[in-house]
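The structure appears below as structure tokens.
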Number of protein chains: 2
Amino acid sequence: MVGLKERRIQHKEQFRAEILAAARELFSQEGYSQFSMRKLAARIEHSPTTIYLYFRDKDDLLFYICEELYAAFLKAVVEIRQAEPDPGEALRLILHQYIRFGVSHPEQYKTVFFTSPVVYGSPDSFMTKDTIALRSYRAFLDLISECIQCGVLQKNDCNMLAMVFWSAMHGLVTSIIFTRDFPMPDITLMADTLIDGLLKGHAA
Amino acid sequence: MVGLKERRIQHKEQFRAEILAAARELFSQEGYSQFSMRKLAARIEHSPTTIYLYFRDKDDLLFYICEELYAAFLKAVVEIRQAEPDPGEALRLILHQYIRFGVSHPEQYKTVFFTSPVVYGSPDSFMTKDTIALRSYRAFLDLISECIQCGVLQKNDCNMLAMVFWSAMHGLVTSIIFTRDFPMPDITLMADTLIDGLLKGHAA
DNA sequence: TCCCACCATTAACACCGTTAACTGTAATTA
DNA sequence: TAATTACAGTTAACGGTGTTAATGGTGGGA
């Protein structure tokens with residue numbers, strides 16, 4: 001019987017994926033604050049402890065949910081960058097994409113940034129562990145650096161500038177997703193205003 | 001015995017204030033995620049349920065902690081506005097103040113914005129209920145409006161512009177307080193970069 | 001003196017994340 | 001084939017959470 005062990009492993013990974021899928025679903029429906037291991041267990045019709053055979057703990061599970069999100073975002077970033085040769089315009093499009101992305105996945109977004117310290121570990125481990133989230137940030141950093149070099153943005157410490165740009169986007173996303181069902185100004189208008197203002201303010 | 005009832009009320013309010021003070025202290029020490037009614041009860045050496053005689057629930061208690069914070073911020077805003085006649089410069093100073101304020105009260109800041117929906121109620125109730133938080137926002141809105149009228153900022157919907165400016169500040173504060181103990185770029189430098197860029201980008 | 005209002009308490013409910021100990025089953029080895 | 005081992009999945013439990021209902025005690029007013 002060649003590959004019996006492998007079939008076991010395969011089955012295990014499949015079940016793991018099922019749990020993850022159920023978690024993602026439950027998560028999107030109930031929101032971060034209402035998500036619990038016990039509810040997830042009920043949904044997959046297993047005891048709560050079963051989940052712990054496939055994920056170290058709740059944070060570990062959430063981590064993989066978040067990585068899925070980042071993978072999709074990184075894909076979009078790469079596509080934009082390939083289609084748009086002008087770095088300034090690419091930056092503008094990517095910033096827009098970031099906001100659109102955050103706003104359309106509010107629960108995952110909250111999880112990544114607002115679960116007290118833990119999902120992506122300490123900041124130190126974030127910068128060393130190879131995650132898709134980190135790769136996304138690096139791609140963004142490179143683009144900022146490129147924009148400075150080719151004269152689209154004025155000379156500045158590119159780490160600092162990346163942080164500032166990202167923070168501003170992050171702020172808009174955050175304020176939007178935390179004030180859902182509120183008569184807010186039009187989202188794309190705000191995104192335009194923020195991004196264009198920022199780019200103009202930092203133009204070379 | 002004139003004022004016996006009043007003395008009772010006074011005593012009650014004093015105890016309430018003591019609970020609030022203990023809560024504030026516990027809160028700053030343990031952080032939002034570690035704060036609990038039971039720990040607070042232990043600290044004031046009463047049973048957990050006693051707190052419910054003075055506060056409707058946990059959110060109600062946190063609400064008053066947050067309001068304290070906003071009161072201090074609003075005071076600073078008013079002072080800046082009175083000392084600085086130029087609205088553009090006043091705006092710049094107030095934006096800086098906002099960041100400084102948020103960064104130096106991270107746990108309260110988190111509470112205000114990131115406790116799932118509740119501390120300040122639904123967005124709708126936020127806009128109707130007279131809170132210090134709302135008054136602060138109104139003061140900020142007025143200043144933006146003034147800046148547009150006197151030509152410091154380019155013409156735009158002032159509600160929208162206020163939201164964008166605030167979101168950007170909010171984002172920087174948030175990214176800083178959620179990445180504590182991280183080798184971040186200098187905070188005031190980032191604040192300068194963000195604020196100056198934004199003001200320049202939206203200058204008339 | 002009796003009663004009532006009120007403060008504070010204990011006990012309990014319904015959750016939560018997580019660990020330890022146990023059960024049954026299927027594969028491997030003697 | 002029989003014994004053993006590996007392992008998935010379970011139940012029970014621990015220690016924690018916010019909150020409510022019922023209860024005890026105490027002091028002021030009638």
Side-chain angles (χ1 to χ4, degrees), chain A residues 1-20 22-23 26-27 29-65 111 114-119 121, chain B residues 1-20 22-23 26-27 29-65 107 110-111 114-119 121:
Chain A
M1 273 284 175
V2 162
L4 225 165
K5 206 163 219 168
E6 287 156 28
R7 207 173 301 166
R8 266 280 252 271
I9 290 172
Q10 199 181 348
H11 181 77
K12 179 145 184 168
E13 286 193 355
Q14 191 192 320
F15 190 28
R16 202 189 120 101
E18 276 174 36
I19 296 176
L20 210 50
L26 179 63
F27 199 82
Q29 285 172 12
E30 301 256 359
Y32 169 73
S33 63
Q34 296 301 312
F35 176 89
S36 83
M37 297 298 261
R38 292 174 128 103
K39 281 184 189 169
L40 176 57
R43 182 168 289 225
I44 60 172
E45 288 176 318
H46 279 78
S47 81
T49 49
T50 299
I51 303 169
Y52 288 84
L53 299 173
Y54 298 86
F55 297 92
R56 205 180 59 254
D57 53 24
K58 192 184 179 184
D59 287 328
D60 190 40
L61 178 61
L62 294 181
F63 171 79
Y64 288 101
I65 290 182
T111 310
F114 304 116
T115 55
S116 294
V118 264
V119 172
Chain B
M1 276 280 178
V2 162
L4 225 165
K5 205 163 219 169
E6 286 158 28
R7 208 173 301 167
R8 269 280 251 271
I9 292 173
Q10 198 180 349
H11 179 77
K12 178 145 185 170
E13 286 194 355
Q14 192 192 321
F15 189 29
R16 202 189 120 102
E18 276 173 38
I19 296 175
L20 210 51
L26 178 64
F27 200 82
Q29 285 171 12
E30 303 255 1
Y32 170 72
S33 61
Q34 294 302 313
F35 176 89
S36 84
M37 297 297 261
R38 292 173 129 101
K39 281 183 188 169
L40 176 58
R43 182 168 287 225
I44 59 172
E45 289 177 315
H46 279 79
S47 82
T49 47
T50 299
I51 302 168
Y52 289 82
L53 299 172
Y54 298 85
F55 297 93
R56 203 180 60 253
D57 54 23
K58 192 184 179 184
D59 287 329
D60 190 41
L61 178 61
L62 295 180
F63 171 79
Y64 287 101
I65 291 181
E107 292 306 326
K110 286 180 199 171
T111 309
F114 303 117
T115 56
S116 294
V118 265
V119 172

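Quantities reported herein were computed from a predicted structural model and do not represent experimental measurements. The basis for the numbers below is simple: all heavy atoms, side chains too, and nothing from hydrogens, waters or symmetry mates. Throughout, protein chains are lettered first and strands after them, A, B, ... in sequence-line order, and every chain is numbered starting at 1.
Within the nucleic acid shown, A:F15 comes within 4.0 Å of sugar-phosphate atoms alone, with no base atom in reach, counting heavy atoms only.
Listed by chain and residue number, A:L26, A:E30, A:Q34, A:S36 satisfy the side chain to side chain contact (heavy atoms under 4.5 Å, CB included) test with A:K39 (two or more places apart in sequence, or in another chain). A:S47 pairs by the side chain to side chain contact (heavy atoms under 4.5 Å, CB included) definition with A:T49, A:T50, not counting sequence neighbours.
The stretch residues 35-42 of chain A touches DNA chain D through A:R38, each having a heavy atom within less than 4.0 Å of the strand.
Contact annotation: B:S47 side-chain N/O to C:dT9 OP1/OP2 distance is under 4.0 Å. For A:K12, a side-chain nitrogen or oxygen approaches OP1 or OP2 of D:dA8 to under 4.0 Å.
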Would you tabulate the side-chain donor-acceptor contacts of residues 11-18 of chain A under 3.5 Å, counting partners in other chains and residues two or more places apart, or write 'none'?
from  : atom 1 : to    : atom 2 : distance (Å)
A:Q14 : NE2    : A:E18 : OE2    : 3.4
A:R16 : NH1    : A:Y54 : O      : 3.1

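The separation between A:L26 atom CG and C:dC16 atom P is 10 Å, rounded to whole Å. Rounded to an integer number of Å, the gap from A:Y32 OH to C:dC16 C1' is 12 Å. Remark: C1' of D:dT17 and CD of A:Q34 are 14 Å apart, rounded to the nearest angstrom. Here the C1' atom of nucleotide C:dT18 and the CG atom of A:D59 are 12 Å apart, to the nearest Å. In this entry the distance linking CD of A:E18 with P of D:dA8 reads 15 Å, nearest Å. The distance between atom NE2 of B:H11 and atom P of D:dG28, rounded to the nearest whole Å, is 13 Å. Taking atom CD1 of residue A:I19 and atom C1' of nucleotide D:dG9, one finds them 11 Å apart after rounding to whole Å. Per the geometry, CZ belonging to A:R16 stands 14 Å off P belonging to D:dG9, to the nearest Å.
Note that CZ of A:F27 is 9.0 Å distant from CG of A:L61, once rounded to the nearest 0.5 Å. Rounding to the nearest 0.5 Å places CD1 of A:I51 at 4.0 Å from CG of A:L40. Taken to the nearest 0.5 Å, the CG atom of B:L20 stands 10.0 Å off from the CG atom of B:L62.
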Between N or O atoms, less than 3.5 Å apart, protein on one side and nucleotides 20-26 of chain D on the other: list the pairs.
none

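Position along DNA chain D of the nearest nucleotide to A:P48 versus B:K58 favours A:P48 as the more 5'-ward residue.
Contact between A:A22 and A:R43 at its shortest, heavy atoms only, is O-CD, 4.1 Å. Of all non-hydrogen atoms in A:H46 and A:I44, the two that sit nearest each other are ND1-O, 2.8 Å. Nearest approach of B:E107 to B:Y32, heavy atoms of both residues: OE1-N, 2.6 Å.
When distances run from any side-chain atom of B:Y54 to the nucleotides C:dT9, C:dC7, D:dG9, the shortest one goes to C:dC7. Listed nucleotides: C:dT18, C:dC7, D:dT19. Nearest to the side chain of B:L53: C:dC7.
Between the axis at the start and the axis at the end of the helix from C:dT1-D:dA30 to C:dA30-D:dT1 there is an angle of 40°, using five pairs per end and rounding to 10 degrees.
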